[in-house]
Amino acid sequence: MADLRVETADGVATVTLDRPDALNALTIQLKEALIATFTGLAADPAVRAIVLTGAGRAFCAGQDLKERLEPGAPPLDVELRDRYNPLVRAIREAPQPVIAAVNGVAAGAGASIAFACDLRIAAESARFVLAFAGIGLIPDSGATWTLQRLVGASKAAEIALLNEPLSAEEAARIGLVSRVVPATDLVAAARAFALRLAAQSPGALARTKRALQAGATSTFEEALELEATLQGEAGAQPDHAEGIAAFIEKRPPRFGG
Ligand code: LHQ
């Protein structure tokens, strides 16, 4: 696929945005390739964790602003409904955990996409720039929902309204990223994270992801009820029996899904 690379090894799919000269800015073609890729990976039982990263010095600079000037560019509401919203939905609805390996600047919708992932790990050189305010727009691609849940309402308002770049170090301090590593270690660190996830029960991870997302908007009672339903399902899977057997036999579990 042009502008997008997908490699799968040892249960880990690595999706790399590959337009380094434009800081991996998102064109219609790239967004459609991403939606198709995440939808395909979501349905692939051999894929147990997904890493999303960028080629070159940026993670993603958001919407390709040059494409917006081309004749026939769709209105913004249409572009959001037809491409950005399906893209962040595909990331959140994938049963596998998705890790953003933020290798450099994540701006505009590029930042929103990182926020839509389940985990973020950043290079020391990474930074988050909401950028929307800089071009007279509002945060989109789910950022008005995700960011305040990740860092709290006050910090989210500061980041979105002031439009100040957030360093990797500051992002770690406020809990937006799980870990900051030297740029040269990012690929290895993201892979180590992903391999740990890939060794766990895929069914348990998928149900955990679903319950955490639902819990972000549910009542406590609804969360208790969903936990009961999903735990009932999880307990009936072979991975639960395997986990107990491995504990009794004092060996690592071999989870198969
Ligand atoms: C770019 C871009 C870019 C094209 C750098 N496009 N070329 C949703 C609905 C529909 C439409 C509207 O948008 C949205 C969602 C959004 O994403 S809105 C936010 C869009 N993104 C931005 O406003 C960020 C624009 N970029 C920047 O502010 C800077 O480039 C950042 C802070 C990302 C990086 O700054 P620098 O490290 O100083 O790099 P640079 O500015 O020199 O950029 C390097 C090259 O990349 C340059 O090309 P050139 O040919 O001159 O070397 C830029 O034009 C190109 N580039 N971002 N979004």
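All of these numbers come straight from a predicted model, not from anything done at the bench. We count ligands from 1, going down the list as the structure has it; atoms in each ligand are counted the same way.
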> Which of the atoms in ligand 1, numbered in the order shown and given with their element, are less than 4.0 Å from a heavy-atom of Phe132?
Replying inline: 15 (C), 16 (C), 18 (S)
> Should one rank Ala133, Gly108, Ala107, Gly62 by closest heavy-atom distance to atom 33 (C) of ligand 1, which comes out on top?
Replying inline: Ala107
> Within the structure, does at least one protein heavy atom fall under 4.0 Å of atom 8 (C) of ligand 1?
Replying inline: yes
> Is any N or O atom of Glu79, backbone or side chain, closer than 3.5 Å to an N or O atom of ligand 1?
Replying inline: no
> Of the listed options (Ala61, Ala109, Pro20), which comes nearest to atom 2 (C) of ligand 1 when hydrogens are ignored and any heavy atom counts?
Replying inline: Ala61
>> If the cut-off is 4.0 Å to any non-hydrogen atom of Asp21, which atoms of ligand 1 fall inside it?
In response: 45 (C), 46 (O)
>> salt bridge (charged side-chain N to carboxylate O under 4.0 Å, His left out), that's the test. Do Lys31 and Asp82 meet it? Break it down for me.
In response: CA-CA 10 Å; Lys31 282 172 268 183; Asp82 285 0; over 6 Å; no
> In this structure, which one of Val177, Leu186, Thr53, Val51 forms a side-chain contact (heavy atoms from CB on, under 4.5 Å) with Ile121?
Replying inline: Leu186
>> Evaluate Arg57 for polar contact with ligand 1, using N/O atom pairs at a separation under 3.5 Å.
In response: yes
>> Side chain or backbone, does Asp140 bring an N or O within less than 3.5 Å of an N or O on ligand 1?
In response: no
>> Please list, in number order, the atoms of ligand 1 under 4.0 Å from a heavy atom of Leu76.
In response: 10 (C), 11 (C)
> N/O to N/O below 3.5 Å, does that happen between Tyr84 and ligand 1?
Replying inline: no
> Do protein heavy atoms approach atom 5 (C) of ligand 1 to less than 4.0 Å?
Replying inline: yes
> Closest non-hydrogen protein atom to atom 30 (O) of ligand 1, residue and atom name please, with distance?
Replying inline: Leu23 CD1, 3.9 Å
> Is Leu65 in polar range of ligand 1, meaning some N or O pair under 3.5 Å apart?
Replying inline: yes
